[in-house]
Colleague: 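Dumping the structure here so I can ask a few things about it.
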Amino acid sequence: MFAIIRKKHIIAAAAAVLALLLIPAGVNGMRGRAVEASAQANANWGLSFQKEGETPVGNASADFLRQYDAYYAGDASQKRIYLTFDAGYEAGYTPAILDALKKHNVRAAFFVVGNYLETSPDLVKRMVEEGHIVGNHTYHHYDMSQISDMASFRKEMEDVEVKYKEITGCDMQKFYRPPQGKYSEENLKMAQELGYTTVFWSLAYVDWYQDDQPSPEEAYSKLLPRIHPGAVVLLHSTSKTNGEILDDLLTKWEEMGYTFGTLQELAQEAPSP
């Protein structure tokens with residue numbers, strides 16, 4: 001019997017994203033050995049925003065991640081955005097999000113868990129029909145950094161693949177986002193061995209509390225100044241605010257000179273080590 005993810009689990013998981021927003025810009029953006037060491041241990045993905053409009057510093061370097069086919073940002077010389085959504089359950093706002101994406105001809109990625117596939121197959125079909133990537137967020141949204149054996153890791157991934165194929169008739173495109181942003185070097189290796197590209201993010205904001213949604217102004221105050229060339233943006237499809245502002249947000253980003261890329265293009269265009 002498959003476990004069903006409840007909303008409180010998604011909220012708890014999303015707290016990991018909050019950590020990246022609380023890192024002060026003045027924190028030393030260490031690269032090299034200290035950064036790689038943090039990735040080799042179990043870690044939460046985190047960012048240091050040192051200058052608005054520029055790629056933040058991750059707690060693992062782009063070069064380190066790339067050796068495992070993992071990315072958190074694209075080419076900083078290209079004003080391109082890679083738009084992604086984490087989808088743990090359906091709160092009623094995904095149709096508006098899909099409408100806005102269709103209006104702007106933007107192809108996004110939706111990282112789904114088993115519960116979403118079970119409860120919202122029609123929306124999953126619509127995502128595929130409209131050209132979006134449906135990525136793997138694992139079946140049960142566990143802390144995957146605590147899973148050290150390949151058999152358990154593989155099952156979390158393959159159960160999503162099987163359910164997705166039942167719904168769509170298609171094989172899942174192999175893009176993976178670690179639940180809660182928790183990862184280890186061994187996890188990155190296992191995902192790579194299974195043929196997956198791991199996708200973190202370089203911009204997110206606190207959008208997951210259903211009963212405490214940010215105002216549009218609060219959302220814009222995070223998403224406009226911190227956007228940067230090559231940004232991988234993480235939003236939650238459970239957010240009422242995101243459903244309401246996405247059309248206007250895409251317009252504002254376009255007026256700033258940005259275009260939108262796919263995760264396939266991210267992997268191709270990200271700078272080589």
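Treat the numbers as computed from the prediction; the structure is a model and nothing was measured.
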Colleague: Please check: side-chain N/O of His137 versus main-chain N/O of Arg177, any donor-acceptor pairing under 3.5 Å?
Modeller: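 Pair found, side chain donor or acceptor close to backbone of Arg177.
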Colleague: Contact between Thr259 and Ile81 at the side-chain level, heavy atoms closer than 4.5 Å - yes or no?
Modeller: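 With C-beta onward as the side chain, the pair stays apart.
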Colleague: Which heavy atom in Asn59 sits nearest to a heavy atom in Asn44, and how many Å separate them?
Modeller: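 The answer is ND2-O, 2.6 Å.
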Colleague: Testing the basics here: between Gly181 and Trp201, what is the closest heavy-atom pair and its distance to 0.1 Å?
Modeller: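 For Gly181 versus Trp201, the nearest heavy atoms are CA-CH2, 3.7 Å.
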Colleague: Looking only at non-hydrogen atoms, find the nearest pair between Leu188 and Ala70 and report the distance.
Modeller: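 Heavy atoms only, the tightest pair is CD2-CB, 4.3 Å.
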Colleague: Give the intermediate values and the outcome of side chain to side chain contact (heavy atoms under 4.5 Å, CB included) for residues Thr138 and Met157.
Modeller: CA-CA 5 Å; Thr138 75; Met157 304 291 276; 4.1 Å; yes
Colleague: Locate the shortest heavy-atom distance separating Arg107 from Thr262; write the atom from each residue and the value.
Modeller: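 That closest heavy-atom pairing would be CB-CG2, 4.1 Å.
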Colleague: The criterion is salt bridge (Lys or Arg N to Asp or Glu O under 4.0 Å); which residues satisfy it with Lys103, sequence neighbours excluded?
Modeller: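 Checked Lys103 against salt bridge (Lys or Arg N to Asp or Glu O under 4.0 Å); matches are Asp247.
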Colleague: Which heavy atom of Val113 sits nearest a heavy atom of Gly88, and at what distance?
Modeller: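 Taking every non-hydrogen atom into account, CG2-O, 3.5 Å.
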Colleague: Is there a path of hydrophobic side-chain contacts, each under 4.5 Å between heavy atoms, that joins Met172 and Val162?
Modeller: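 Cluster IDs for Met172 and Val162 differ.
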Colleague: Does any pair with a residue in residues 131-141 pass salt bridge (charged side-chain N to carboxylate O under 4.0 Å, His left out), and if so which ones, sequence neighbours excluded?
Modeller: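 Salt bridge (charged side-chain N to carboxylate O under 4.0 Å, His left out) check on residues 131-141 returns no pairs.
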Colleague: Can you list every ring-ring contact (aromatic ring centres under 6.0 Å, His included) pair that touches residues 210-229, not counting sequence neighbours?
Modeller: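 Not a single pair qualifies under ring-ring contact (aromatic ring centres under 6.0 Å, His included).
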Colleague: Could you tell me if the side chain of Leu250 sits less than 4.5 Å from the side chain of Phe260, heavy atoms only?
Modeller: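 Yes, close enough: below the 4.5 Å cut-off.
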Colleague: Would you check, one step at a time, whether the test side chain to side chain contact (heavy atoms under 4.5 Å, CB included) holds for Phe49 with Leu203?
Modeller: CA-CA 9 Å; Phe49 287 87; Leu203 177 60; 4.3 Å; yes
Colleague: Is it true that the NZ or CZ of Arg66 lies under 6.0 Å from the centre of Tyr71's six-membered ring and within 45 degrees of the ring axis?
Modeller: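 Checked: cation-pi criterion not met.
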Colleague: Taking the side chain as everything from C-beta on, heavy atoms only, tell me whether Lys182 gets closer than 4.5 Å to Met144.
Modeller: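 Of all side-chain heavy-atom pairs linking Met144 with Lys182, none is under 4.5 Å.
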Colleague: Ignoring hydrogens and geometry, is there a side-chain-to-backbone donor-acceptor pair from Asp159 to Tyr139 under 3.5 Å?
Modeller: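 Judged by distance alone, no pair lies under 3.5 Å.
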Colleague: Can you confirm whether the side chains of Gln192 and Gln67 place a donor and an acceptor under 3.5 Å from each other?
Modeller: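 No, because no side-chain N or O of Gln192 sits under 3.5 Å from a partner of the opposite role on Gln67.
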Colleague: Passes ring pair (Phe, Tyr, Trp, His ring centres under 6.0 Å), Trp253 versus Tyr258? Steps please.
Modeller: CA-CA 6 Å; Trp253 278 336; Tyr258 283 94; 7.5 Å; no
Colleague: For Gln213, which residues count as a side chain to side chain donor-acceptor pair (under 3.5 Å) partner, sequence neighbours excluded?
Modeller: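 Result, side chain to side chain donor-acceptor pair (under 3.5 Å) vs Gln213: Ser239, Thr241.
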Colleague: Run the side chain to side chain donor-acceptor pair (under 3.5 Å) test against Asp212 and tell me which residues pass, sequence neighbours left out.
Modeller: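 If we apply the side chain to side chain donor-acceptor pair (under 3.5 Å) test to Asp212, skipping adjacent residues, there are no hits.
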Colleague: Is there side-chain contact between Pro95 and Leu123, with at least one heavy-atom pair below 4.5 Å?
Modeller: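 In short, these two side chains touch, coming nearer than 4.5 Å.
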Colleague: Going by ring-ring contact (aromatic ring centres under 6.0 Å, His included), name the residues that satisfy it together with Phe153, two or more places apart in sequence or in a different chain.
Modeller: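 By the ring-ring contact (aromatic ring centres under 6.0 Å, His included) rule, Phe153 matches Tyr176.
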Colleague: Given 3.5 Å as the limit, does a donor-acceptor pair link the side chain of Thr84 with the main chain of Val233, or not?
Modeller: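 Checking the backbone N and O of Val233 against the side chain of Thr84, a donor-acceptor pair under 3.5 Å is found.
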Colleague: Would you please name every residue forming a salt bridge (Lys or Arg N to Asp or Glu O under 4.0 Å) with Glu244, sequence neighbours left out?
Modeller: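 Salt bridge (Lys or Arg N to Asp or Glu O under 4.0 Å) list for Glu244, sorted by chain: Lys240.
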Colleague: Taking the side chain as every heavy atom from C-beta outward, state whether Tyr205 and Arg226 have any pair of such atoms under 4.5 Å apart.
Modeller: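 In short, these two side chains do not touch, never coming nearer than 4.5 Å.
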Colleague: Between Glu255 and Lys252, does at least one N-O distance fall below 4.0 Å, as a salt bridge requires?
Modeller: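 Salt bridge between Glu255 and Lys252, a charged N being under 4.0 Å from a carboxylate O: no.
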Colleague: Do Asn115 and His141 come within less than 4.5 Å of each other through their side chains, counting heavy atoms only?
Modeller: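 Sidechains of His141 and Asn115: no contact.
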Colleague: To check you understand the geometry: which heavy-atom pair defines the closest contact between Gln180 and Asp143, and what is its length?
Modeller: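 Heavy atoms of Gln180 and Asp143 come nearest at NE2-N, 3.9 Å.
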Colleague: Is Glu156 reaching over with its side chain to a backbone N or O of His140, donor-acceptor style, under 3.5 angstrom?
Modeller: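 Confirmed, Glu156 side chain pairs with His140 backbone.
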Colleague: Answer yes or no: is there a donor N or O on one side and an acceptor on the other, between the side chain of Glu158 and the main chain of Lys155, under 3.5 Å?
Modeller: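 Such a contact is absent between Glu158 side chain and Lys155 backbone.
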Colleague: Mind checking what makes salt bridge (Lys or Arg N to Asp or Glu O under 4.0 Å) contact with Asp211, not counting sequence neighbours?
Modeller: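 Testing Asp211 for salt bridge (Lys or Arg N to Asp or Glu O under 4.0 Å), a comparison that skips the adjacent residues, returns none.
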Colleague: Tyr68: which residues meet the side chain to side chain donor-acceptor pair (under 3.5 Å) condition with it, sequence neighbours left out?
Modeller: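 Result, side chain to side chain donor-acceptor pair (under 3.5 Å) vs Tyr68: Glu185.
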Colleague: Keeping the roles fixed (side chain from Lys51, backbone from Pro56), state whether a donor-acceptor pair exists under 3.5 Å.
Modeller: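 No; judged by distance alone, with no hydrogens or angles, the pair does not exist.
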Colleague: Flag the pair Thr197 / Leu263 as yes when at least one side-chain heavy-atom distance between them is below 4.5 Å, and no otherwise.
Modeller: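 No, their side chains stay 4.5 Å or more apart.
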Colleague: Less than 4.5 Å apart, side chain to side chain, heavy atoms only: is that true for Leu235 and Leu223?
Modeller: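 They are in contact (side-chain heavy atoms under 4.5 Å apart), so the answer is yes.
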Colleague: Could you go through Val134 and Tyr164, starting from their C-alpha distance and side-chain angles, then the distance that decides it, and tell me whether this counts as side chain to side chain contact (heavy atoms under 4.5 Å, CB included)?
Modeller: CA-CA 9 Å; Val134 177; Tyr164 174 84; 3.6 Å; yes
Colleague: Start with the C-alpha distance between Asn136 and Tyr196, add both sets of side-chain angles, then the distance that settles side chain to side chain donor-acceptor pair (under 3.5 Å), and finish with yes or no.
Modeller: CA-CA 9 Å; Asn136 200 325; Tyr196 275 89; 3.0 Å; yes
Colleague: Can you run down the ring-ring contact (aromatic ring centres under 6.0 Å, His included) pairs that involve residues 92-126, sequence neighbours left out, and say none if there aren't any?
Modeller: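 Found Phe85-Phe110, Phe110-His132.
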Colleague: For Cys170, is there any backbone N or O sitting under 3.5 Å from a side-chain donor or acceptor partner on Thr168?
Modeller: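 Confirmed, Thr168 side chain pairs with Cys170 backbone.
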Colleague: Return the set of residues passing salt bridge (Lys or Arg N to Asp or Glu O under 4.0 Å) with Arg80 (not counting sequence neighbours), or none when no residue passes.
Modeller: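 In terms of salt bridge (Lys or Arg N to Asp or Glu O under 4.0 Å), with neighbours along the sequence ignored, Arg80 is linked to Glu269.
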Colleague: Do Thr251 and Asp248 have side-chain atoms, one donor and one acceptor, less than 3.5 Å apart?
Modeller: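 There is no such pair between these side chains.
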Colleague: Taking only residues at least two apart or on different chains, which pairs with a member in residues 91-100 satisfy salt bridge (charged side-chain N to carboxylate O under 4.0 Å, His left out)?
Modeller: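 Qualifying pairs, neighbours excluded: Asp99-Arg126.
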